[in-house]
Amino acid sequence: MTTHHAPGPLDAASRPAQPAHTGPGEPDSVRSLAGPGAPGALYAGPGLSGDTAAGSASGTGDSPAQGSGGPGTAAPPGGDPVKALMHRHRELCARAVDPLEIAAALEAHGMTDRTAAHFRHRDVFSLAEEMYARVPRHSSDRSAPPASAHAVTEPVAGAAAAGPSRLLTLVLLPALPGALCAGLLAGLAQAPPGRARTLAVVAGVLAVLSAVQLCLRHGPLRSPRPAGVAVRLATLWLLGYAVLGDGLLDAAVRGGPDRLWPVDTATALGLALAMWPAVLCARLFTGGARRRLARSRGLGEFAAATRPLLLASLTCYLAALAGLLALAGAALGAPPALGGAGALGALLLLARLLLVHGHRATPTIALATAAGVELAVLCSVLASRLPGCGFLAVPAETLIEVCGAEAVPTLACAVAAFALLGRAVPALSRASAHTDPGTR
């Protein structure tokens, strides 16, 4: 982010005194951000000492402004609104290592570029730079990069160390699920039926799931907090249904299953191989958003630059997923469920991006809803065999007769993915989504 000259401590004299925008017409966000009173009022309540309130006056020879002598003392009409805002967010200013953290946290609290004008700044970023510059830094903190030359740092969820660590998190780990799944399928093609084959299937599935879990714990797909139980159960159900559900539903509609139904191995292999492009696309989005955050001069500018980046990352992933599914189908001689697997891949990637950037409720609801629809359709077909309950299977049977069994997961996951995309676009284009979660 390009920066300009950071205003000096308590620089009311450097700019003409403007009366504070007070009164009933003042936006609520201004009053809530600045604490009790309007931005023009200096709130020096308990816990705000002269050293802290004076900002960067420490070591500069400046002294606190008049009117900060006691609790609740109001400044004159030309008071320092930034000082009141700094008191409101004094802990944030003290622990911030970069002005970007302050800007993102202010945005998360409702600050906009228009609100920043009440604090005599043209945008939130310049206001954050002044707040960062006016906080006294201990000598041990002076090794940190200055605000005028802060480097572009990777977000916590997408950080990868240089050298072997980068190779591990971006290449080796994402390729492991696909390699294990391919090895499992190749081994099963040669293994004779029996208990040994069953044990090999169980061991192979557990190995693939463990490799996926490793990818979610390291690299760009790592969430700052573990996913909840509902997210894990819904994800496992959706993946299991993608591999086993279509065959089971088709057999149930026909009166079975009376034997083992077909398993969609091509979809399983394609989804396992797609872990690698998912990691790369997540890295593309998080790294690109962080660089745009460093260059932006306003919240609107950052959002406008981030939205197409999110859509481009999702499009690249879907294109790679479609290619891998087609490749898996050609290798195994079985056509994969392109519609259902594609919709599932989009849903899982969007849900994971939201989890990585600190949003939990929306992806949980979307995943649980898609899994619930699939479960409800399957249960309705099985329950229709009870006396007098034949009507329960009519919707599912009509849909399957017209579009095939693949239509159920396709519709369930596609609707959930579109709803999640509508939430992800504004949520992931906010500056507060691309900083350390501890600042939000």
Side-chain angles (χ1 to χ4, degrees), residues 157 212 215-216 220-221 223 227-228 230-243 245-246 249 264 267-268 270-282 284-286 289 306-326 336-378 399 403-430 433:
V212 172
C215 295
L216 299 182
L221 294 179
S223 174
V231 171
R232 296 179 182 179
L233 292 178
T235 302
L236 287 175
W237 171 268
L238 291 171
L239 291 174
Y241 193 94
V243 178
D246 290 348
L249 182 60
D264 195 347
T267 297
L271 289 174
L273 293 172
M275 179 58 70
W276 188 59
V279 169
L280 292 183
C281 291
L284 171 67
F285 172 68
T286 54
T306 306
R307 293 189 196 103
L309 178 63
L310 173 62
L311 297 177
S313 301
L314 180 61
T315 302
C316 289
Y317 171 72
L318 291 178
L321 175 60
L324 291 172
L325 287 170
L338 287 175
L344 174 60
L347 175 62
L348 293 179
L349 181 61
L350 288 172
R352 195 65 197 180
L353 287 176
L354 285 169
L355 288 171
V356 165
H357 294 283
H359 301 272
R360 295 172 63 91
T362 306
T364 301
I365 295 173
L367 292 172
T369 301
V373 169
E374 294 178 349
L375 179 60
V377 171
L378 183 59
L399 179 63
C403 305
E406 182 189 348
V408 174
T410 301
L411 290 177
C413 294
V415 172
F418 276 114
L420 204 56
L421 180 62
R423 169 60 179 162
V425 169
L428 298 181
S429 61
R430 293 172 60 89

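Sequential numbering from 1 along the given sequence is applied to the chain's residues. As a basis for the values below, the full set of heavy atoms in this structure was taken, side chains included, without hydrogen atoms, waters or symmetry mates.
Residues R352 and A227 approach most closely at NH1-CB, 4.4 Å, considering heavy atoms. Considering all non-hydrogen atoms of both residues, G340 and E406 come closest at N-OE2, 3.4 Å. Annotation for L318 and G342: closest pair CD2-O, 3.7 Å, computed over non-hydrogen atoms. Contact detail for A282 and L221: the closest heavy-atom pair is CB-CD2, 3.6 Å. Between D246 and P409, the shortest heavy-atom contact is OD1-CG, 3.5 Å. Nearest heavy atoms, A351 versus L420: N-CD2, 3.5 Å.
Atom-to-atom distance recorded for L348:CG and C413:SG is 7.5 Å, nearest 0.5 angstrom. Here the straight-line distance linking atom CG of L314 with atom CG of L310 works out to 6.5 Å at 0.5 Å rounding. Taken from CG in L344 to OG1 in T267, the straight-line distance is 9.5 Å, to the nearest 0.5 Å. The distance from atom CG of L349 to atom OG of S313, rounded to the nearest 0.5 Å, is 8.5 Å. Atom CZ in F285 sits 6.5 Å away from atom CG in L353 (nearest 0.5 Å).
Inter-residue side-chain proximity for L375 and Y241 is flagged as unmet; no heavy-atom pair is nearer than 4.5 Å.
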| said: Show, in sequence, the C-alpha distance, side-chain angles and deciding distance for L354 and R360, and conclude whether the side-chain contact (heavy atoms from CB on, under 4.5 Å) test is met. | reply: CA-CA 7 Å; L354 285 169; R360 295 172 63 91; over 6 Å; no

| said: Run R423 and H359 through side-chain contact (heavy atoms from CB on, under 4.5 Å) and show every step you take. | reply: CA-CA 10 Å; R423 169 60 179 162; H359 301 272; 3.8 Å; yes

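Judged purely by atom type and a 3.5 angstrom limit, S223 uses its side chain to pair as donor or acceptor with the backbone of L355.
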